[in-house]
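Comments concern the structure below.
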Amino acid sequence: MSGDRTYETVIGLEVHAHLLTETKIFCGCENRFGAPPNSLVCPVCLGMPGVLPVLNEQAVELAIRAGLAFECTIHERSIFARKNYFYPDLPKGYQISQFEEPICEGGRVPLPDGSEVALIRIHLEEDAGKSFHPENGGDHSFVDLNRCGVPLIEIVSTPTIRSPDMAYDFLVSLKQILEFTGISDCNMEEGSLRCDANVSLRPAGEINLGTKTELKNLNSFRAVRDGLKVEIARQEKVLRSGGEIVQETLLWDAAAQKVVTMRTKEESHDYRYFPEPDLPPLILTAERLEAARSQLPELPVGMRIRFAEAYGLREYDAAVLTGSAELARFFEETVAHFPDPNQAANFVLGPFLRLMKEKNLGWADLPITPARLAGLLDLLAEGSISAASARNVLESMAATGRDAARLTESLGLTQISDDGAIRSVVREVLDGNAPQVAEYLAGKEKVFGFLVGQVMKATRGKGNPKVVTPIMKEELAGRAGKKRG
Amino acid sequence: MDWNSATATDIARSIASGSLTARDVIGETITRLDRLEPGLHSFLSVRNHDDLVREAEAIDRAGTKAGPLAGLPIAVKDNICTVDLPTSCGSRILEGYRSPYDATVVERIRAAGGILIGKANLDEFGMGSSTENSAFGPTRNPWDEKRVPGGSSGGSAAAVSAGQAILALGSDTGGSIRQPAAYSGLVGLKPTYGAVSRYGLVAFASSLDQIGPLGRTVADTALLYDVISGYDPRDSTSVPGSRPATARSLDRTDLKGIKIGIPEEYFTDGLDPEIERAVRLGIEALVDAGAETVSISIPHTRFAISAYYLVADSEASANLARYDGVRYGYRDSQADDLDSMYCSTRQIGFGTEVKRRILIGTYALSSGYYDAWYLQAMKVRGLIAIDFERAFEKCDFLVTPTTPTAAFLLGEKSDDPLAMYLSDIYTISANLAGLPALSVPCGLTGNGLPIGIQFMGKPWNEPVLFAAGRHLEKRLAPIGCPGEESTS
Ligand SMILES: [Zn+2]
C-alpha cells in the first residue's frame, strides 16, 4: 500500500540574480538599490508610448561570465522574447526575457561534497517594479519602478536536487560563484537574489516525475530549506493517505512555517511568449567569448586550492577564507602588506571576524583597510603590542578608522621591549623581593612566575613578556653566581 | 506663387533665395488650414498660431543656416511623439496624452528647420485603411469630401493634398502611407525597414512599422526622407551606416539598363480595370524612359493578407498592453478593483477595430494555437521575402498598382472588416519583406479621383525608386490639385 512506500524527493530551483551593471538592461537609468521611489526612471523603463529597448552590453558581458563560471554552452545566437501579463508594476504589459534560444544552456553548480547539480539554462531578462500594499494605505496600492528594467539572469537547475539540504548547498555554492565573479552581489534582503522551487515526490525507483508544486516567497536560504521540508512533508502525507497532489503555486509563510495556495493550475497565466521584434538576435562573436574567457575572475574552488598551496594555509582555513569573495579579497590584500600568511589567517579568522560579527560590520562600509590591519599585525609580530591589546586596538580601529600605531600610542598600549628599560625594572623587582629570589635560587622555580608578574605590575602590563623572561633568567642566574661566589 | 501646386522644393528654394519668407509661408498655410479644416478634419491638434509665426520669424532671421526644411510647415501623424502637442494615436485611451520627449524624426525635422504645424488624424493606433477608425471622427478626402482619404495616415495625406501643410510624416505598417498617398494624389514612401528610426513612433506592429514621408512630388518626398532617415542608436532595429542622399540622385537622365518586374499576381481579380489601365500607361511611360519590363511571380502573394494580420495583430496585442489605465491615459475611475479597472478602461478606451485586433493577436499567440497561427504566419512571411529575393534576381524593382480601387465612400466598408483589409492587398507584402515601396500619382479615374502606382525595390534602393518616380512625373500629365481652388 501507499502507506509503506518510500518516496524520492525531486527539486528544481529557479534563481533570479540581479546583475552588477552600472545601468538598467534597456535604458540608461542607474541600477541601484535604495533610492527614493520612482527616482531612477525614464520614458523607456516607464514603458511610455513610442519607446524602444537598447540592450546593455555590460549585462550581456555578465551573462557570458555566468555561462563561463557555470560551464554552460554559450550560444553564438540567442533571442529575446516578450512574456505577456498584466500587473501594475509591469509598465509595458510584458517583460522582455528569453524563452526559446536563451544565451546559455547546460552547465553545472559544484557542491561542497564534490558532487554537482546540472543546470538547464541561464537566460537574460529585465526585472519588474515593486508593488506595495501598506496596511494603512486604505484601498490604495503603490508602485515603485526603480527596479523595473534592472538586469537579471535566471538560472534554472535540472530537477536533480534530492533534499532540502542539497538545495541549501546548491544555493550557497551558486551564490559564492556569483559573488566571486562579480556577476551579482546576491543580496537576498535587497531582492538581488531570489529563488523559486519546484518540488514533487515519486515512489522510489519510479522514473516518471510526480505532480509538482511551485514554492514562492522564499526570502532566504533558510526559507528555501524550511519551506521545502514542510512542503515535502505535506506532499508525503497526501500521497500516503492515497490522495493526489494538485499542481499549484504556493507561498511560503516563514512566520507560520506553512505553505499557502497562491494560484492553481487553472488560474495560471498563459504568457504568450513570442520573439521580441524590437531587439535583433543577440550575436556573440568567438573573439568576444574568448576575451570573456580570458578575463573570467578566479572561481571559489580554484582560489581555495591556491590559498592552501601558495600561502601554506590549512585546508580548513583556506576554505573559510574563500567562503566569501569579500573575505578572500580582504585576506589577500592584507597578506600583500604582511609577510606571514598563517599569522594573518589566524587573526582574520579569529579576532577580526569576531569583531565584524559583534559590531555587525559590513564589508562595504568597513573602516579598517587591509593595509591598516597589516599594520596592526606588524605591531603584534614585532612585540610592540600584546595579543590582548591588539584586540582592543582593533576595536578602536573599527570605531575610529585610524591606524594601529597611532591608536596603540594614544591608548598607551605600546609594549616595553627595550632591553635596558626592562633590565632596570627587573633589577628593581629582584632587589625588592629578596626572600622570593632566595626561594627561587633554592630550587623553587614556581616563584619565577611571581617575579615576572611583579615586573608586569611595575610596567602596568606593558612589559613585553618575550623580552622580560630572558632578562629575568639572566639576572637570576647572575645572582646565583654572586651568592655562590 | 500658386499655393495649390506649390512644392516644398520650390518653397524651400524661394525662402533660401529671399523671394519668399518663412513668415509668408506659415501665414498662408495657417489661413488655408483654418479655412479647410472644418470640412476635412485633417488634424487632431494644431500649434498655437503665434508660436508658429514666431518660429517662422526665427527661421527667417537664421537665413541660410536654418537647414534643408527651413520654413516648411510639416504635419506629423498623431502616433509620433511630440512634446509640444498631444499624441493621442486617434484613441480615447490616449486622449490628451502629452509625450515627455520628441520622436527622433521630430527632432531631425526641427533641427532641419521644418515647422511642426499640427498632429494629423489617423485610424486609431494606425489600425485601418480609411481614417474612419479615429476616435475623434474621420478625415475627408480633399478630392471628394464624400470619400475617405485612405488610412491610416489619412490626416497626413489630406493635409498635404489640401495645402494645409507642405509635407507630412505618416507611418506605414501595411500600406498606411502609400494607400492614402494614392487616394489623395500624393507621393508616399514606405522606407526600407530600419532606414528611419522608430523611436517615438507609438508601436502598432514593431516588425512592420516604418515612418515615412508624404509630399506633392517625388522631389518633395525625397527631401523629407533625406532628413528623417539614418541610424539612431535609440532604435536597435535601425541600421547603421550612411546611405546616399536621395534628393541628389534624382536627376538620372533616363532609365536605360533598368529592368522593371511586373508581378502577375498583382494584376488579377479585384483590380479595378480603370486602375489597371492607368498603371499599364505608367509602365509604358517608364519603358519610354528606357526601362525594360520582365514578367515575374511572387507566388506566395495569396497568403500575404492572412500572414500579415496574424503577425501584425500578435505584435499589437503586446504593444497595446501598456494602455492599462495605471500610469497615463484614460482610466475608468468607477471600477472598484484592479481587474475590473483593466477591463473597463480598455473596453471604453479602445475602439472596435483595435479590440478586434487585440483579440485576434492574443488568440494567435495563445498556448496551443501559437504554432498554427503565429509561427505559421512567420513562415509564410519568410517565404514571401524569398519570393522577392528571387524576383530581384531578374529585375531592379517591381511595378504594381498601389490599391485595387480608388478612394471609396465614407461608410462604404466600415461594417466589413475583410473588405477593408483587401484595400491593402498590394501594399502589405513590402512590409512583410521589409522592402522600400513608393506610391506615385498615375492619372485620375473617370470620376476625377487619383490613382497610385507602386514601385517596390530592393532594400536600400530608395534612390532607384525616386528616380523612376521622377521619370513618371515628367512623362505623365499632371493630375492637378483637388477641390474648390483649382480655379485660382
Ligand atoms: Zn530608464
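Protein chains get the first letters and strands the later ones, always in sequence-line order, with residue 1 at the start of each.
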[X] side-chain N/O to [Y] backbone N/O, donor-acceptor pair under 3.5 Å:
X        : Y        : answer
B:Ser366 : A:Arg272 : no
A:Asp270 : B:Ser367 : yes
B:Arg322 : A:Met48  : yes

Within the structure provided, determine whether [X] and [Y] are in side-chain contact (heavy-atom separation under 4.5 Å).
X        : Y        : answer
A:Arg82  : B:Ser206 : yes
B:Ser236 : A:Pro53  : no
B:Tyr199 : A:Val54  : no
A:Leu52  : B:Arg198 : yes
B:Tyr101 : A:Val51  : yes

Under 4.5 Å heavy-atom distance to chain B, tell me which part of [X] shows up: side chain, backbone, both or neither.
X        : answer
A:Pro43  : side chain
A:Tyr85  : neither
A:Val44  : side chain
A:Leu145 : side chain

Answer with side chain, backbone, both or neither: which region of [X] has an atom nearer than 4.5 Å to a non-hydrogen atom of chain A?
X        : answer
B:Leu94  : side chain
B:Asn319 : both
B:Ser197 : neither
B:Val326 : side chain
B:Leu338 : side chain
B:Tyr369 : neither
B:Phe125 : neither
B:Ala318 : both

Would the number of heavy atoms belonging to other residues, nucleotides or ligands and lying under 6.0 Å from [atom1] of [X] be above 12?
X        : atom1 : answer
B:Trp373 : CH2   : no
A:Lys83  : NZ    : yes
A:Glu30  : CD    : yes
A:Glu57  : CD    : yes
A:Glu190 : CD    : yes

Supply the atom-to-atom distance [X] [atom1] to [Y] [atom2], rounded to the nearest 0.5 angstrom.
X        : Y        : atom1 : atom2 : answer
A:Asp278 : B:Ser207 : CG    : OG    : 9.0 Å
A:Asn84  : B:Thr362 : CG    : OG1   : 8.0 Å
B:Tyr374 : A:Tyr273 : OH    : OH    : 15.0 Å

**Item:** Closest non-hydrogen atom pair between A:Pro49 and B:Tyr323, with its separation
**Value:**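 Closest heavy-atom pair between A:Pro49 and B:Tyr323: CB-OH, 3.7 Å.
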**Asked** If you take all heavy atoms of A:Pro88 and B:Arg327, which pair is closest and at what distance?
**Response**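 Scanning both residues completely, I find the closest heavy atoms to be O-NH1, 4.0 Å.
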**Request:** Among the options A:Pro275, A:Ser141, A:Cys27, pick out the one with the most heavy-atom pairs lying under 4.5 Å from chain B.
**Result:**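 Maximum pair count with chain B is reached by A:Pro275.
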**Message:** Could you walk me through whether A:Phe274 and B:Tyr370 satisfy the ring pair (Phe, Tyr, Trp, His ring centres under 6.0 Å) test, starting with their C-alpha distance in whole Å, then the side-chain angles of each, then the deciding distance to 0.1 Å, before giving a yes or no?
**Reply:** CA-CA 9 Å; A:Phe274 74 102; B:Tyr370 180 87; 7.9 Å; no
